[in-house]
Every structure is written in structure tokens, then in C-alpha cells.
Amino acid sequence: MIFGLEFPPIENLVEWPNVFGPEGSWYGFNKIALINFVALAATTVLFLVAGRSKGLVPKGARNLVESGVAFIRDGIIMETVGKDGIRYLPYLVSLFFFIFITNIFEVIPFFHMPGNARMAGPAVLALITWVYFIAVGLKHQGLKYFWNSVAPPGVPKALLPLVIPIELLSTFIVRPFSLAVRLFANMLAGHILLVTFSVLCITLFSATLLALVLPFSFAMLVGLTGFEIMVAFLQAYIFTILAAVYIGSSMHAEH
Amino acid sequence: MSMLAQIAYDATSKAEAQAITASGYAGLAYGLATLGPGIGIGYLVGQSVQAMARQPEAAGMVRTTMFLGIAFTEALALIGFVVFILLKFV
């Protein structure tokens with residue numbers, strides 16, 4: 001209670017009851033699962049529709065998808081990995097579009113919940129990326145990949161006992177953890193911000209004297225909604241660019 | 001003012017007082033966690049803008065690297081945010 005205004009506890013913001021299936025079971029289906037399924041279907045349908053369209057000049061869905069693919073090829077892969085990385089374009093494109101669509105549910109009416117504001121979604125995406133860049137390293141360098149990634153060439157022998165644990169920790173443990181936490185915390189923070197100002201608007205609507213603050217609160221809500229659209233895009237971009245950097249770093253030994 | 005605070009403190013139960021202290025520390029933890037990344041991101045973006053102004057043809061490369069650096073620097077602040085949530089609500 002602040003100034004007689006009641007705010008809901010945080011459990012109400014991120015925990016959703018199951019539509020079917022008991023709470024806590026693996027097949028329980030709630031809003032987050034629905035958002036993830038819708039995002040999966042939307043990504044698939046978008047690419048199917050874009051792939052079906054014929055003609056020389058792209059328009060509609062194909063235009064959108066082509067500019068997205070070109071953005072990821074020229075803006076992400078060519079800048080961080082180089083020409084060798086083009087073969088990993090499909091993974092990065094699907095990652096980008098899936099993350100962006102799950103994030104953008106934060107501002108879509110009736111959903112108003114980013115799918116990545118629960119830890120499970122980002123954790124799974126980070127784990128897939130983790131397995132992917134280790135697999136790429138094994139494919140390009142063989143078993144020497146593990147040695148190359150923990151002991152960069154050029155390090156003096158005397159420093160190796162210090163360098164190996166640090167590199168081991170930062171490459172194989174901190175990387176997936178920070179990928180997941182970055183996406184999760186950004187989306188959760190944005191969701192909490194939007195909810196705070198929406199709840200403020202609703203409670204101020206019935207307040208008497210404090211209703212004078214309502215226009216400011218509403219203006220803030222509108223501005224933050226635009227900001228969150230930008231954050232949804234930026235987080236998808238950052239996740240993809242980091243995945244590209246990790247894949248690129250496991251393609252060639254550092255030198 | 002401090003007398004009022006003392007009265008309010010005496011009136012609350014022990015569990016409530018503990019919860020209040022915990023939220024205070026949670027806020028303090030998050031405040032501390034923002035300091036380093038704030039300075040870091042400010043310095044990083046400032047230097048990147050300088051680099052882009054000096055060499056506009058390298059702007060694309062600088063921008064990509066800038067976002068990478070921001071992502072790494074920001075991670076600390078975000079871990080601070082998660083710790084704040086954990087301290088306050090779990």
C-alpha cells in the first residue's frame with residue numbers, strides 16, 4: 001500500500017494457471033506455453049508463405065523475410081564471423097525470428113506477456129546454442145577444439161594453470177548462463193515496468209486527488225511501450241549476434 | 001521523525017521487520033550493481049561515437065562491436081537485477 005494505492009504481488013505478473021494438466025507437471029499447458037507455440041507456428045508460417053511466393057520482385061511476407069535474412073547475413077554474420085559463417089545462416093535466422101516473435105508478445109493486446117520473461121524459454125535457447133557451438137567446434141577442429149578453447153595459443157606455459165580454469169569457466173559455463181540471463185532479465189524488467197505503469201493508471205483512475213497524475217502515468221506507459229518494442233528487437237539481435245560470435249570463435253582456433 | 005520511525009518499527013512484528021530489512025538490502029544490492037555497468041556502458045558508447053565520428057566508413061563495424069560490448073557489460077547489471085528479484089521475492 002502506497003498512498004492508499006494497492007499493487008499486486010509479483011507472483012501475479014509472471015505465474016499463470018494451467019489451462020489443462022496439473023500444476024508443476026511436465027505436460028501442464030499455460031499462457032507461456034501458448035505464446036511459445038504461437039511464436040513457433042508464426043515463424044514457420046511466415047517462412048513457408050515467403051518461400052512459396054513467386055516472381056522477381058519480393059512483396060508482402062517475402063519482402064519482410066528477405067530483408068530480415070539480408071540483415072542477419074550482412075549485419076551479423078559478415079561482421080562477426082566472415083564468409084565462412086554463411087552456412088550457419090538458417091540457424092541464426094530462425095533463432096532471431098523466434099526470439100523476436102516471443103518477445104513482441106509483450107505489447108500485443110490480450111497477451112501482454114513476453115514469452116521469454118520466464119527462465120525456461122531463454123534457458124532452452126541458450127542450451128541449444130551451447131550444444132550448437134560445441135558441435136561446430138568439434139566439426140571444424142576435432143577433439144583439439146577443447147584444448148584450443150581453454151588454452152589460447154601464445155600464452156606462456158607458466159601462466160597455463162591460471163588461464164585454463166578461467167577460460168574453461170568463461171567458455172563452457174558463463175557463456176550459456178549469461179545468454180539466458182540477459183534475455184530473461186531484460187524481458188522481465190520490461191514486463192515489470194509496463195505492468196507498474198498500467199496498474200498505476202488503473203488505480204489512479206478511481207483515485208480522487210491523485211488522478212491529476214494520471215496523464216503523466218499514461219504518457220509514460222505509451223512511451224515505454226514503444227521502448228519495449230525496441231528492446232524486443234534489440235534483445236533478439238543481441239542473442240543472435242552473440243550466438244554468431246560463439247559459433248565463429250569455435251570455427252577457428254584463436255590466434 | 002526518528003521517534004515516529006521507532007514507533008512504527010516497534011508496532012511491526014519481527015517477520016515484517018525482517019522483510020522490510022531484506023527489501024532494503026535488495027534495493028541496495030541492485031543500486032550497487034548498476035554503478036559499474038552504468039559507467040562502463042557510458043564510456044563504451046562514448047568511445048564508439050568518437051570512433052564513428054573520426055572514421056565514418058568504419059561505422060558499421062564499430063556499431064556491431066559496440067553492441068557486443070554493451071551486451072557483455074550489461075550482463076552484470078542484469079545479474080544484479082535477478083539477484084534483486086531473488087532477494088526480494090524468493
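- Between the CD1 atom of Ile70(B) and the CZ atom of Arg182(A) there is a distance of 11.5 Å, given to the nearest 0.5 Å.
- Comparing Asn186(A), Val181(A), Leu188(A) by how many heavy-atom pairs each has under 4.5 Å with chain B, the most go to Asn186(A).
- Atom OG in Ser178(A) sits 10.0 Å away from atom CG in Leu78(B) (nearest 0.5 Å).
- Ile76(A) does not touch chain B: none of its heavy atoms, backbone or side chain, sits under 4.5 Å away.
- For Asp74(A), no part lies near chain B; criterion is any non-hydrogen pair under 4.5 Å.
- For Met52(B), the CE atom is densely surrounded, since the number of other residues' heavy atoms within 6.0 Å is greater than 12.
- Between Phe72(B) and Tyr246(A), the ring planes are tilted. Angles from 30° to 60° get that label.
- Using a 4.5 Å cut-off on side-chain heavy atoms (C-beta onward), Phe81(B) and Ile192(A) make contact.
- Nearest heavy atom pair, residue Phe67(B) against residue Ile238(A), reads O-CD1, 4.5 Å.
- Heavy atoms closer than 4.5 Å to chain B are found nowhere in Leu179(A), neither backbone nor side chain.
- Neither the backbone nor the side chain of Phe239(A) comes within contact range of chain B; no heavy atom of the residue lies under 4.5 Å from a heavy atom of that chain.
- Going from atom CE of Met61(B) over to atom CE of Met78(A) covers 14.0 Å, rounded to the nearest 0.5 Å.
- Around CZ of Phe71(A), the count of heavy atoms belonging to other residues, nucleotides or ligands within 6.0 Å exceeds 12.
- Atoms OG1 and OH, from Thr64(B) and Tyr237(A) in turn, are 4.5 Å apart once rounded to the nearest 0.5 Å.
- By the neighbour-count criterion of 12 heavy atoms within 6.0 Å, atom CZ of Phe177(A) is sparsely surrounded, having that number or fewer from other residues, nucleotides or ligands.
- Using a 4.5 Å cut-off on side-chain heavy atoms (C-beta onward), Thr65(B) and Glu79(A) make no contact.
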